[in-house]
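Everything below concerns the one structure shown next.
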Amino acid sequence: MNVPLSARCSIVKGVEKLRVWYNGKERIVDTKIRPYFYSYRDLDIECFKKEKVKAKALSDHQEKTFWKYSFNTRAELRAVSGKPELKEDIFENELSEYGDSFIIRNRLDRPNVFELFPHKNELILLFVDIEQETDKGIKFPTGENNLSSIAWCTNDRDVKCILKKKESESDKLLLENFIDEYAKINPDVVVCYNKTYDIPMIIRRCIRNNIDTSPLTKNQEGRANIGKKEMAFLDGIVIYDVYDSARQDQALDGNVENRGLKEVSNFFGFEEKRKPLTYEEISEKIGTKELAEYNMDDVKRLFYLFDIYWPGIEYNANDLKIPLSIAVAMNITKLGMICIGEEYKKQNIIADGTNEQRYDKIFRRKKKAGEPNYQGALVGIDRNGYFEPVYKADYGSMYPTIMSSFNLSPDTTKLLEYVPYGKFKIEEEEMWFVYHIPDDVLKMNLIIQVSKRPGFFALLVKKFLLERMSFKNSYKKTGLERYKSASDNRKVKANGGVYGNQGAAHHPFGFAPIAIATCGFGREAAQMLIDVLNGLYPNSVIETDTDGIYFTTKNFNEEDVMDAFKKKLKQVFKKDISLDIDIDKYDSGYFYKAKNYVLKKGDKIIKHGVAMKAQSKNILSRNLIEELAKAKVNNQPITKISDNYMKLDFPLEHFAMNVTMGMPYGSYKNKEGNLVTRLARDAERIQRIEPAVGNRYYYVKEKHDYVLLEEASIERLDITYYREQVKRILKMFDVSLIATKLDDWLK
DNA sequence: GCTATCAGGCTACCT
DNA sequence: ACAGGTAGCCTGATAGCG
């Protein structure tokens with residue numbers, strides 16, 4: 001790699017320094033910069049250094065004088081930046097307040113700083129997974145329980161396992177043996193699934209058994225700590241949690257039952273050779289070959305998933321010139337800080353406030369909870385039911401292409417004024433274009449002026465798009481995963497890293513007029529394509545979502561569509577823009593509601609939307625949907641569905657629905673009334689499972705209440721409730737005949 | 001006291 | 001701690017009815 005393994009902030013003699021690990025050693029590095037923020041005001045505050053700097057303001061792109069306040073430590077800066085009376089007057093403070101963001105600040109101010117400490121040695125990996133005993137009748141182990149097995153492997157992927165022999169034995173020997181093996185391997189990266197469990201539990205068990213944990217770190221007197229939120233810290237070692245990647249992977253949305261190791265690895269095609277053990281079996285099979293095999297199987301699943309996600313992470317570290325430790329914990333906000341921040345730095349721009357501070361008419365309106373800040377994409381359904389055949393016309397990379405084609409950039413784009421709601425309009429003048437963007441959320445037209453002088457941001461996006469195209473072509477030619485990874489990387493940068501952050505209320509580098517104009521052009525582009533299609537094939541458009549339009553016709557001719565599209569494009573946007581469309585064909589489709597439909601392509605049936613996928617509903621619903629969807633897209637009359645659905649003749653598990661805890665328990669507004677908090681309390685009381693974000697609860701409806709599956713009985717099920725569930729699904733597929741029959745039957 | 005309707009809260013999806 | 005958009009399910013308040 002061209003970057004270090006890890007970097008973290010550390011105070012040495014009262015000053016913030018960086019501790020950088022690479023090639024097996026640690027260096028304490030003078031940062032050259034100190035935590036700082038900017039202000040227009042001459043503030044009377046205590047700081048290390050106060051100086052004047054000249055830079056362009058993001059708000060109006062004018063050259064201005066700023067005060068720059070530096071501090072010895074992040075804590076000293078936070079003591080000032082946290083004061084409510086100063087909040088509105090200070091800028092870019094977010095980049096100095098926390099560890100990761102201050103590392104990004106270093107990277108922005110000194111772009112090659114981390115390339116001075118490259119980890120050139122081969123990365124030594126350690127994949128690890130543990131098994132643990134549980135108390136009788138309890139699902140999850142605690143720090144009190146012995147470990148029963150540890151399986152691991154390193155770069156050679158030769159999986160090994162140490163077992164605790166007997167139930168009565170303690171796990172001391174097991175841990176000592178593992179620590180010896182670990183020290184021999186001396187890993188740089190520890191790979192696990194759910195970092196809040198395996199590593200902290202190993203540390204915890206070592207402490208219980210009086211085993212020295214320093215061999216787990218790279219330091220003689222190293223620290224193996226469990227920090228906030230059950231996060232383990234091993235000095236000099238990067239912990240990569242594959243679960244983090246799986247959780248963020250939107251390709252898994254609606255396609256897996258949960259984000260557990262088994263579900264996710266199965267989704268990606270892991271060959272399942274043996275049936276996973278149940279919780280009870282894990283406890284029963286102490287010291288057996290089966291337990292060892294089960295444990296080792298999990299390690300195989302772990303490196304199987306590692307191979308899918310890791311290339312992108314290592315690529316990011318090198319490409320963004322950031323320590324690997326930052327790359328394993330990357331998210332869109334940080335990506336935006338780096339990609340956008342780098343450009344601002346080059347242009348000597350200071351972000352004088354967040355979007356919320358600079359555009360109060362947009363971000364500080366009185367909003368209802370969940371109401372958006374500005375209008376987004378065009379979405380809608382024009383026709384419902386069965387169609388054959390079905391086409392989809394798709395814009396490729398619509399938002400990034402718009403940003404680059406319309407030259408949207410902080411140095412070219414200016415929100416001039418808000419006027420009464422009206423029509424989209426383009427006016428061309430000598431030096432600039434003026435766009436009238438109607439926004440039905442703000443209920444106003446936004447007048448946005450864009451200079452004809454090329455903007456730096458549009459060029460950046462164009463660069464991402466061109467790079468992506470080249471990587472995509474290389475991938476097509478060679479099939480090498482690293483090209484695909486590089487291509488996806490550029491796509492993410494151009495989409496989320498750029499568009500999403502520009503519209504974010506609190507991102508330090510957001511620039512809302514770009515996001516608003518991008519969505520506005522996007523809606524026009526979508527409407528234009530609808531008009532082209534309906535013009536060629538009257539009433540053909542079925543459903544629209546952002547950049548893709550489903551339509552149906554028996555007389556499709558690609559050339560006609562492309563010709564009409566190109567003509568209209570120029571006419572609507574009054575300039576040559578590089579928006580392209582791609583057309584895909586399906587045998588048939590059944591369209592229920594916006595974003596909810598089923599498509600058939602060959603023998604594949606593709607379900608879209610929350611109503612169709614119904615992952616949180618029960619097996620009974622999913623099976624019924626599957627049956628009806630199949631019949632619908634094959635244009636078969638639905639004359640009979642299995643009598644079981646009428647009689648509700650299923651085992652208890654088929655009735656169990658589930659819900660995931662999406663926020664910390666304390667964040668729920670109505671903890672008494674809300675279903676997930678109620679179930680969480682039951683689970684805590686009965687199963688000793690602490691409420692936690694990501695917990696999934698399986699429950700059924702009994703006559704008087706919702707109860708956890710484990711507590712349910714088939715005799716107490718609320719049959720009326722489940723009949724309504726079946727009826728709703730029948731209605732979804734327009735099965736009126738059977739719905740009537742069901743009503744009769746219900747009488 | 002019962003049912004219907006609506007808004008609000010939340011999750012699960014889509015682009 | 002990325003944006004907006006749609007749909008489904010649940011709760012609790014309120015209106016309307018007898």
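Letters go in sequence order (proteins before strands), and every chain restarts at 1.
Between A:Phe655 and A:Phe650, the ring planes are perpendicular. Angles over 60° get that label, and only those under 30° would be called parallel.
Listed for the A:Asp241 side chain is a donor-acceptor partner under 3.5 Å among the backbone atoms of A:Lys195.
A:Lys585 has its side chain out of reach of A:Val390: every pair of non-hydrogen atoms, C-beta onward, lies at least 4.5 Å apart.
No engagement by A:Ala515 is indicated, since no non-hydrogen atom pair under 4.0 Å with the nucleic acid exists. Note on A:His608: only backbone sugar-phosphate atoms sit closer than 4.0 angstrom, heavy atoms only; bases stay farther off. Within 4.0 Å of A:Tyr721, counting heavy atoms only, lie sugar-phosphate atoms of the nucleic acid but no base atom. Contact annotation for A:Lys595: base contact, defined as any heavy-atom pair under 4.0 Å involving a base atom. No engagement by A:Lys334 is indicated, since no non-hydrogen atom pair under 4.0 Å with the nucleic acid exists. Using a 4.0 Å heavy-atom criterion, one finds that A:Tyr374 contacts the sugar-phosphate atoms exclusively. Within 4.0 Å (heavy atoms only), A:Glu94 reaches no atom of the nucleic acid at all. Within the nucleic acid shown, A:Met663 comes within 4.0 Å of sugar-phosphate atoms alone, with no base atom in reach, counting heavy atoms only.
Computed from coordinates, the A:Lys593 NZ to B:dC13 C1' distance equals 14 Å when rounded to whole Å. Atoms OH (A:Tyr597) and C1' (C:dA7) sit 14 Å apart, rounded to a whole Å. Rounded to a whole Å, the CG atom of A:Leu579 is 18 Å from the P atom of B:dT15. Rounded to whole Å, the distance from CD1 on A:Ile402 to P on B:dT15 is 17 Å. What separates CG of A:Leu95 from C1' of C:dA1 is a distance of 13 Å, to the nearest Å. Counting to the nearest Å, the C1' atom of B:dT15 and the CD1 atom of A:Ile381 are 16 Å from each other. Taking atom CZ of A:Phe102 as the reference point, atom C1' of C:dA1 lies 20 Å away to the nearest angstrom. What separates CD1 of A:Ile729 from C1' of C:dA7 is a distance of 14 Å, to the nearest Å.
For A:Tyr592, the listed nucleotide lying nearest its side chain is C:dG8; candidates were C:dG8, C:dA1, C:dA7. Between B:dT15, C:dC2, B:dG9, one nucleotide has an atom nearer to the side chain of A:Lys669 than all others, and that is B:dG9.
Between A:Tyr668 and B:dT11 there is a side-chain polar atom (N or O) within less than 4.0 angstrom of OP1 or OP2. Between A:Asn373 and C:dG4, a side-chain N or O to OP1/OP2 separation shorter than 4.0 Å is present. An OP1 or OP2 oxygen of B:dT11 is reached within less than 4.0 angstrom by no side-chain nitrogen or oxygen of A:Ser616. Between A:Thr660 and B:dA12, a side-chain N or O to OP1/OP2 separation shorter than 4.0 Å is present. Dashed line: the shortest gap from a side-chain N or O of A:Lys613 to OP1 or OP2 of B:dC14 is under 4.0 Å. At C:dC10, one or more side-chain N or O atoms of A:Tyr706 fall inside 4.0 Å of OP1 or OP2 (strictly under the cut-off). Side-chain nitrogen and oxygen atoms of A:Arg678 include at least one within less than 4.0 Å of the OP1 or OP2 phosphate oxygen of C:dT11. Listed pair A:Arg728 / C:dC9 meets the phosphate criterion, a side-chain N or O lying under 4.0 Å from OP1 or OP2.
Under the Watson-Crick or G-U wobble criterion, with both distances below 3.5 Å, C:dG4 is paired with B:dC14.
Remark: the separation of the P atoms in C:dC2 and B:dG9 is 22 Å, to the nearest Å.
When every heavy atom of A:Thr401 is checked against every heavy atom of A:Ser578, the shortest pair comes out as CG2-OG, 3.6 Å.
Judged by the 6.0 Å distance and 45° axis criteria, A:Lys443 is not positioned over the aromatic ring of A:Tyr421.
Under a cut-off of 6.0 angstrom, the local environment of NZ in A:Lys669 is sparse, with at most 12 non-hydrogen atoms contributed by other residues, nucleotides or ligands.
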